[in-house]
Chemist: 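Take a look at the following structure, please.
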There are 2 protein chains.
Amino acid sequence: MTEVRESKKVWIRVADELRGRIKDGTYRPDARFPSETDLVQEFGIARGTARKITARLRDEGLIYTEPQVGSFVVPNDGEGQT
Amino acid sequence: MTEVRESKKVWIRVADELRGRIKDGTYRPDARFPSETDLVQEFGIARGTARKITARLRDEGLIYTEPQVGSFVVPNDGEGQT
DNA sequence: ACCCATTTGTGCGTATGTATA
DNA sequence: TTATACATACGCACAAATGGG
């Protein structure tokens with residue numbers, strides 16, 4: 001045991017990674033954002049943690065969620081707007 | 001507290017029961033295996049739990065699943081195969 | 001071809017138990 | 001005690017494919 005996890009919280013690290021993907025265009029506006037299950041599988045985290053992460057990104061206004069449908073990247077690049 | 005440690009987990013208990021039915025011949029080779037809904041009703045469990053159980057039995061090679069059709073007991077009891 | 005019930009696949013919402021730091 | 005994290009478990013909703021009439 002005694003694993004360090006880089007002394008950073010898992011949800012913080014994953015959220016940061018996802019935030020980066022949105023900003024660098026890996027996840028484009030209006031495109032589908034990974035489901036909770038997707039995040040669980042890709043990052044090997046618990047579903048509760050995945051929920052916490054999407055909730056956070058939603059709170060930051062980066063994605064929006066449609067219940068029973070999925071989450072999507074918020075349209076609006078965030079720059080070219082006068 | 002009331003110590004109740006009968007292998008608590010629901011999915012473990014139900015999976016064990018179903019595994020037994022396959023091995024004792026209650027569910028015969030090639031016969032239809034209960035659908036997720038059937039398991040929900042018979043054992044009073046949630047569908048997610050039923051899915052987890054069928055996934056497990058599938059992983060054990062006891063049943064196989066055809067999407068939109070159902071699950072079936074794998075032919076071959078597993079006895080000596082020359 | 002069409003409807004309809006069934007069944008699996010998928011996705012989110014919620015709660016509880018356990019373990020760890 | 002609290003926060004984090006994972007596993008389990010229940011609920012609800014919708015899509016797509018299959019199969020019987």
Side-chain angles (χ1 to χ4, degrees), chain A residues 1-19 21-22 27-75, chain B residues 1-19 21-22 27-75:
Chain A
M1 303 297 191
T2 329
E3 294 193 37
V4 178
R5 288 185 171 71
E6 299 178 355
S7 73
K8 270 219 170 186
K9 301 183 184 66
V10 171
W11 79 267
I12 291 286
R13 287 192 293 103
V14 177
D16 194 56
E17 165 65 24
L18 295 172
R19 200 177 295 110
R21 292 185 188 177
I22 292 175
Y27 294 147
R28 307 217 310 285
D30 279 316
R32 208 181 177 71
F33 186 76
S35 69
E36 296 175 353
T37 302
D38 289 335
L39 297 180
V40 165
Q41 298 180 330
E42 177 174 352
F43 297 99
I45 59 181
R47 197 182 159 199
T49 305
R51 281 181 63 70
K52 187 168 190 167
I53 292 167
T54 54
R56 169 69 184 203
L57 297 181
R58 195 181 311 125
D59 191 62
E60 292 177 12
L62 295 177
I63 64 176
Y64 62 94
T65 301
E66 290 184 50
Q68 277 72 56
V69 179
S71 292
F72 304 83
V73 178
V74 164
Chain B
M1 301 304 247
T2 53
E3 22 96 0
V4 181
R5 50 177 84 165
E6 290 289 336
S7 65
K8 334 181 245 184
K9 301 181 185 61
V10 172
W11 79 267
I12 292 285
R13 288 192 292 100
V14 177
D16 194 57
E17 165 65 23
L18 295 171
R19 201 177 295 111
R21 291 184 188 178
I22 292 174
Y27 296 147
R28 308 218 315 285
D30 279 316
R32 209 185 176 69
F33 186 76
S35 70
E36 295 173 357
T37 302
D38 288 336
L39 297 180
V40 165
Q41 298 180 330
E42 176 175 353
F43 297 99
I45 60 180
R47 199 188 151 199
T49 306
R51 281 182 63 71
K52 182 167 190 165
I53 293 166
T54 54
R56 170 68 185 207
L57 297 182
R58 194 181 312 124
D59 191 61
E60 292 178 11
L62 295 177
I63 63 176
Y64 62 94
T65 302
E66 289 185 48
Q68 278 71 60
V69 179
S71 292
F72 304 82
V73 179
V74 164

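Every chain is numbered from 1, with letters handed out A, B, ... down the list of sequences.
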Chemist: Applying side-chain hydrogen bond (donor to acceptor under 3.5 Å, both in side chains), can you list everything that pairs with A:Q68, at least two apart in sequence or on another chain?
Modeler: none
Chemist: Atom CD of A:Q41 and atom CZ of A:R47: how far apart are they, to the nearest 0.5 Å?
Modeler: 12.0 Å
Chemist: Considering residues at least two apart in sequence or located in another chain, which fulfil the side chain to side chain contact (heavy atoms under 4.5 Å, CB included) criterion with A:A46?
Modeler: A:T49
Chemist: When the distance from CD1 of B:I45 to C1' of C:dA15 is rounded to whole Å, what number comes out?
Modeler: 18 Å
Chemist: Under 4.0 Å from OP1 or OP2 of D:dA9: is there any side-chain N or O of B:K52 that close?
Modeler: no
Chemist: Taking atom C1' of D:dA7 as reference, at what distance in whole Å does atom NZ of B:K9 sit?
Modeler: 8 Å
Chemist: Residues in ring pair (Phe, Tyr, Trp, His ring centres under 6.0 Å) with B:F43, at least two apart?
Modeler: none
Chemist: Restricting to nitrogen or oxygen on both sides, can you table the protein-nucleotides 2-12 of chain C pairs closer than 3.5 Å?
Modeler:
| from | atom 1 | to | atom 2 | distance (Å) |
| --- | --- | --- | --- | --- |
| C:dT8 | OP2 | B:E36 | N | 3.0 |
| C:dT8 | O4' | B:Q68 | N | 3.4 |
| C:dT8 | O2 | B:Q68 | NE2 | 2.7 |
| C:dG9 | OP2 | B:R51 | NH1 | 3.2 |
| C:dG9 | N7 | B:R47 | NH2 | 2.6 |
| C:dG9 | O6 | B:R47 | NH1 | 2.8 |
| C:dT10 | O4 | B:R47 | NH1 | 3.2 |
| C:dG11 | N2 | A:Q68 | NE2 | 3.3 |
| C:dC12 | OP2 | A:E36 | N | 2.9 |
| C:dC12 | O2 | A:Q68 | NE2 | 3.2 |

Chemist: Salt bridge (charged side-chain N to carboxylate O under 4.0 Å, His left out): which pairs involve residues 61-70 of chain A, sequence neighbours left out?
Modeler: none
Chemist: Would you mind reading off the distance between A:I12 atom CD1 and D:dT4 atom P, rounded to a whole angstrom?
Modeler: 8 Å
Chemist: For A:R32, enumerate each residue passing the side chain to side chain contact (heavy atoms under 4.5 Å, CB included) test, keeping only those at least two apart in sequence or located in another chain.
Modeler: A:F72
Chemist: Expressed as a whole number of angstroms, how long is the span from A:I53:CD1 to D:dC6:C1'?
Modeler: 13 Å
